[in-house]
Amino acid sequence: MHDRYEPALFEQKWRDRWKEQDLFRTREEDGREKFYGLDFFPYPSGAGLSVGHCRNYIPTDVLCRMKYMQGFNVLHPMGFDAFGLPAENEAIKNKIHPAPMIDKYAGTYQRQMELIGISYDWSREFKSSDPSYYKWTQWIFKLLYDRGLAERKMIEVNWDPIDKTVLAAEEIIGGRAERSGALVEKKLIPQWIFKITNYAQQLIDDLDELDWPEGIKQQQRNWIGRSEGVEFEMKVVLPGAASGPDENGFEVIEKPHTFRVFTTRIDTIFGMTFCVLAPEHPLIAEIKKHSNDAKKAEIDEYQGKAKALSDIDRQAEGREKTGVDTGAHAINPATGKKVPIFIADYVMMGYGTGAIMAVPAHDQRDFDFAVKFGLDVVPVFKPDTAYLSENNTSEADYLADPKQFKKVFETKDGILVNSGEYSGMGYAEGSAAMAEWIVALGIGEKKVNYKLRDWLISRQRYWGCPIPIIYDKEGNPETVIDDLLPVELPDVDNYEPSDDGSSPLSRITDWVNTTTRDGALGHRETDTLGGFACSSWYFLRFCDPHNEQKAWDPERVKYWMPVDCYVGGAEHAVMHLLYARFWTKVLYDAGLVDVKEPFARLMNQGQVLAQTPYRQPKDGESLGVGEDGILVAFKDVPNYQPDELTYKWVRMSKSKGNVVTPDEAVEQFGADALRVYELFVAPFEQAVQWSNDGMQGAVRFLSRVFRLVSDMSTHWDESWKLSINATAMEGKAKDIRRITHKLIRKATEDIERFAFNTYISATMTAVNDYNDLLKSLGEPNPSERLALSEAIQSLVLVLSPAAPHTSDEIWEQLGGQDSTYHLDWPKFQAELAQDDTITMAIQVNGKLRDTLEMPADASQEAMQEAALSSERVKVHTEGKTVRKVIVIPGKLVNIVAN
RNA sequence: GCCCGGGUGGCGGAAUGGUAGACGCAGCGGACUUAAAAUCCGUUGACCGUACGGUCGUGUGGGUUCGAGUCCCACCCCGGGCACCA
């Protein structure tokens, strides 16, 4: 029997055996509950896995392994998100075709995942770039198309000049492309979009039932951005229009022009002193027709500037407000007064109606604009005392001149003033009454707006799923019939993107030219689907991955879905998770799946950080935005004095040069040590700081397990189960069983609640406790032998999900014939985990003064009496009167005295 | 600015309102060794005290409670997300 952990001696042997025996093939036996554990669909990068990625896979693996041992049918698949920009860019860089490259990279991922002992069922593996998979991605595209949820539109899109393709709104962060970092440009080209906005409300509502991190749900709610308000119409008085009869008594009646505004604060309508149109607003063209040349030129110039500005410039923080007075006016329906209409780029065409009513008294943006352009500010809410004291002013002073203060009074619970018959009402009452009035007037209605935009899905790139659309001579689209799916991606030599917004596929005339359904000449859609389409349904395909007739057998999906536990990084909070939810809802509405939500429980693992050297810039060097040091490569560290370098904890990444690969970690410490370390070192959701000392601790722990079992193995009785519960247990035997059942209880509960760090610490504690007990034990009697045997087996099984190689090796050495994966997860008996005695805490006035050993079932009276007769307690109650004694059975006594 | 997380020993971190610091790392002392490594045993929040013991202590300030790391209020700091969305 080994007495320490020497992974080189046995870990590979077990991995080979598991593979040989096809141990992790999905079990689909009747009469068992199912469990679907899934990791985010990874893109297999050429750099391979780091120990940071393992942080995702190991915990899911532990949970899946326990579930299997508990008797569940477990689906734990893995595949690869192979289509998309990262793969294509890397292939271009290496001047090779993406397909064989991806095959190679995926192979490396699989090898590394197997190396750390993850229990994936590889027989279900597929890549999103497999024609047998994307055939069905195309089929779902058709479904969306047929349901009116996929549309081709001429729209202004966000163009990434580095990756040479358009981007979805979700792929842009602060005006830059999330992936390439390029400043996005605007381009007007025809694009395919999915109408995810049709599902905005459902996507918000159904979040409530999900067991997801609250932060992720909140991020999705914010992204969808629901707001309730009122949309109403205002009459426009064009510049130069007569405002009443002329000197001859004639009134010039023009066709009245109107425009609509959306507001969430209809209660402030009496404070509207001007209106603002987005520079792209269609009404501006009408206004210009009535403007003099100078004004027209001024407006044109402003529109031109606004168009040229990138979003990042237009929305730059603290940017001063700009705008132009159009000379036109709107009639405020509340006051009947004419208010000027401005154009300004702080109003966006894409949201609401692209026009606003401006209430400068209670909206900071409108206020800033009003100050700059000298416009009226009319308060409609009485300021509260907090605002008055902050500005060191009085109510009368504020109401007389609100413009003197830099910050506006924004409120939702003030009292209305200057608001006609509504004055004196509060926010809620006023809003409701004024909304009703607008509706009754027939000029508007209540409306809900969402910030969510439709999902822009076409990409002008080669390496993606072809869109199954053919255009006829007139350019009318039709879908490719099912029998002709998949539309295969043609093999080409040159697939580099072009600058003009056309896809590389458009250059392949043989492929582009085809016939329509009725045999006429036609041409194919040459854009491809963005990668997020492919990952929006892969979890369904895993339920039935090799089905050639259908995307999936409904029975299989009905059995396995929803995913019970979905694990991956928080960076996909709104993109992948929102899209996949959307597709699932569409498929539900089409009757193809019977779940409305794909992922019942979601967990986000923390990152793995590595200590990374940085130095201060030298003369002539400058730091990038947000950086406070210059990265130093590890190989260059010896060239610096120690005090020149500062080490920071930074996420492991290739670009930082701080990656530790699982290959290195397994070579140096062992796969089980890596697993145990990553589980133990920090709570699951938290970042961990990679440390070789910590890894060494995991090695030490596993060695202690080997030694303990080796020490106990002479007492091993493999048939302990037959007689243990019929044998009376006293003294040490009872103590051993208590340790065992406490361990099983804690491990089972902790794995279930993703508390892997305390699960590992519980096994460490048990090992320590067994060790101590063993030392005080002479030659064991029969009941002690049984208790020790139970302890050995339970420890090995409880450890099996975390350290499967170790458990299987120990089990074999004990004479076991099978992998521990096939054994039943131990069940704890609550009464055996119960302590006989407790350490009772005695407090005087809430401060601990003494502890006493008491029987666990001591009566409250006995506890109180014991507490009061403690000498240490008496010291603190002397000369005082005991007012009250609080007894918490099994825990403590608190004596209140003064 | 808004929305989420989070602040506990030298470090990573434990603690259904009930003995703060489990478990591990690092440190210190010892055993084994010619020696070192490895391993094992002991010890380790701070301060006062020879000791029994005492005082303080979970970002800060208040509050609720017999009792608060945990609940409530205000604030400070760190990390993440969103941001001219009317």
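These figures come from a predicted structure and were not determined experimentally. Only this structure's heavy atoms are used, side chains among them; waters, hydrogens and symmetry mates stay out. Letters go in sequence order (proteins before strands), and every chain restarts at 1.
In this structure, A:F369 has its ring center at least 6.0 angstrom away from the ring center of A:F367.
Using a 4.0 Å heavy-atom cutoff across all strands shown, A:K884 reaches sugar-phosphate atoms only and no base atom. Nucleic acid contact class of A:V347 (heavy atoms, under 4.0 Å, all strands): base. The residue A:R872 sits close only to the backbone: its heavy atoms come under 4.0 Å of sugar-phosphate atoms, none of a base.
Atom name P, nucleotides B:rG6 and B:rC73: the rounded distance is 16 Å, in whole Å. Distance check on atom C1': B:rG57 versus B:rG69 gives 11 Å, rounded to whole Å. On the P atoms, B:rU55 is 15 Å away from B:rA68, given to the nearest whole Å. Taking the P atom of each, B:rC32 and B:rA37 are spaced 15 Å apart, rounded to whole Å. A gap of 15 Å separates the C1' atoms of B:rA22 and B:rU44, to the nearest Å. With both ends at atom C1', the span from B:rG21 to B:rA15 equals 9 Å, rounded to whole Å. Taking atom C1' on both B:rG62 and B:rG13, the two are 29 Å apart, rounded to the nearest angstrom.
Of the possible donor and acceptor atoms, one in the side chain of A:D672 sits under 3.5 Å from a partner among the backbone N and O of A:T806. Here the side chain of A:R221 pairs no donor or acceptor atom with the backbone of A:R226 at under 3.5 angstrom.
Base orientation of B:rG5: anti, since the glycosidic angle falls outside 90° of 0.
Rounded to an integer number of Å, the gap from A:N845 CG to B:rA68 P is 11 Å. Taking atom CE of A:M603 as the reference point, atom P of B:rG5 lies 14 Å away to the nearest angstrom. At whole-Å resolution of the value, CZ in A:R849 and P in B:rG67 are 14 Å apart. Remark: P of B:rA38 and CG of A:D3 are 17 Å apart, rounded to the nearest angstrom. At whole-Å resolution of the value, NE2 in A:H876 and C1' in B:rC52 are 12 Å apart. Per the geometry, CG belonging to A:D363 stands 13 Å off C1' belonging to B:rG1, to the nearest Å. Per the geometry, CZ belonging to A:R4 stands 16 Å off P belonging to B:rA37, to the nearest Å. Spacing between atom CE of A:M348 and atom C1' of B:rA83 amounts to 10 Å, rounded to whole angstrom units.
Tested against A:H362, the residues A:V377, A:V378, A:D267, A:V380 include a single side-chain contact (heavy atoms from CB on, under 4.5 Å) partner, A:V380. With respect to A:I739, the side-chain contact (heavy atoms from CB on, under 4.5 Å) criterion is satisfied by exactly one of A:N768, A:L795, A:L773, A:V767: A:L773.
For the pair A:L799 and A:L702, the tightest heavy-atom approach, listed with the atom from each and the gap, is CD2-CD2, 4.4 Å.
In this structure B:rA35 sits in no base pair that meets the Watson-Crick or G-U test at under 3.5 Å. Under the Watson-Crick or G-U wobble criterion, with both distances below 3.5 Å, B:rG9 has no partner in any strand shown. Remark: B:rG61 base-pairs with B:rC73; criterion is Watson-Crick or G-U wobble with both hydrogen-bond distances under 3.5 Å. B:rG21 is unpaired under the Watson-Crick or G-U wobble criterion, no partner having all donor-acceptor distances under 3.5 Å. Nucleotide B:rA14: unpaired (no Watson-Crick or G-U wobble partner with both distances less than 3.5 Å). The base-pairing partner of B:rG1, taking Watson-Crick or G-U wobble contacts with both distances under 3.5 Å, is B:rC82. Nucleotide B:rU55 has B:rA46 as its partner under the Watson-Crick or G-U criteria, with both atom distances under 3.5 Å.
Side-chain nitrogen and oxygen atoms of A:R707 include at least one within less than 4.0 Å of the OP1 or OP2 phosphate oxygen of B:rC40. Contact between the side-chain N/O atoms of A:H362 and the OP1/OP2 oxygens of B:rA86 is not found at any separation under 4.0 Å. OP1 and OP2 of B:rC66 both lie 4.0 Å or more from every side-chain N or O belonging to A:K847.
No hydrogens or angles considered: nothing links the side chains of A:R55 and A:Q607 as a donor-acceptor pair under 3.5 Å. No hydrogens or angles considered: nothing links the side chains of A:N692 and A:Q696 as a donor-acceptor pair under 3.5 Å.
Interatomic distance, A:D366 CG to A:C275 SG, rounded to the nearest 0.5 Å: 10.0 Å.
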**Asked** When every nucleotide of nucleotides 11-24 of chain B is labelled 5' to 3' by its protein contacts under 4.0 Å (heavy atoms), B for base, S for sugar-phosphate only, - for none, what sequence of letters results?
**Response** -BSSS--BB--BBS

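Not a single donor-acceptor pair, N or O on each side, falls under 3.5 Å between the base of B:rC4 and the side chain of A:K217.
Looking at which nucleotide of RNA chain B each of A:G215 and A:Q219 is closest to, the 5′-most match is held by A:G215. Both A:D772 and A:E214 lie near RNA chain B, and the one whose nearest nucleotide falls closer to the 5' end is A:E214.
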**Asked** How far apart are the C-alpha atoms of A:T264 and A:E228, what are their side-chain angles, what is the distance that settles it, and do they pass the side-chain hydrogen bond (donor to acceptor under 3.5 Å, both in side chains) test?
**Response** CA-CA 6 Å; A:T264 55; A:E228 287 179 24; over 6 Å; no

